[in-house]
Amino acid sequence: MNIKGVSFNDASWIKPAGHIWIKPKQDWVVLPQGDLTYEGQPENYDALICAYQRT
């Protein structure tokens, strides 16, 4: 599921389970160290599902 933080008045409670399609991201975008990242479409969603369930 994709949720845009700008859709909420208070987005402080949102924590991403991972980040996909990061290959085209701008160099100044810094993702938190240790987060799941995928340059393109993940072949397998198991790790993302587990991360989502932990949040």
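Throughout, numbering of the chain's residues begins at 1 and tracks the sequence. Just the heavy atoms: all of them, side chains too, but no hydrogens, waters or symmetry mates, feed the values below.
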Can you name the nearest heavy-atom pair linking A51 to A17, along with the distance?
CB-O, 3.5 Å
Would you say R54 and I49 make side-chain contact, with heavy atoms under 4.5 Å?
no
Between atom NE2 of H19 and atom CD of E39, what is the distance when rounded to the nearest 0.5 Å?
14.0 Å
Indicate if W21 and L31 have the same hydrophobic cluster label, given that clusters are the connected sets of ILVMFWY residues with side-chain heavy-atom separations under 4.5 angstrom.
no
Distance from Y38 atom OH to Y45 atom OH, nearest 0.5 Å?
9.0 Å
So, taking the atom named CG in L48 and the one named CD1 in I20, what distance separates them when rounded to the nearest 0.5 Å?
7.0 Å
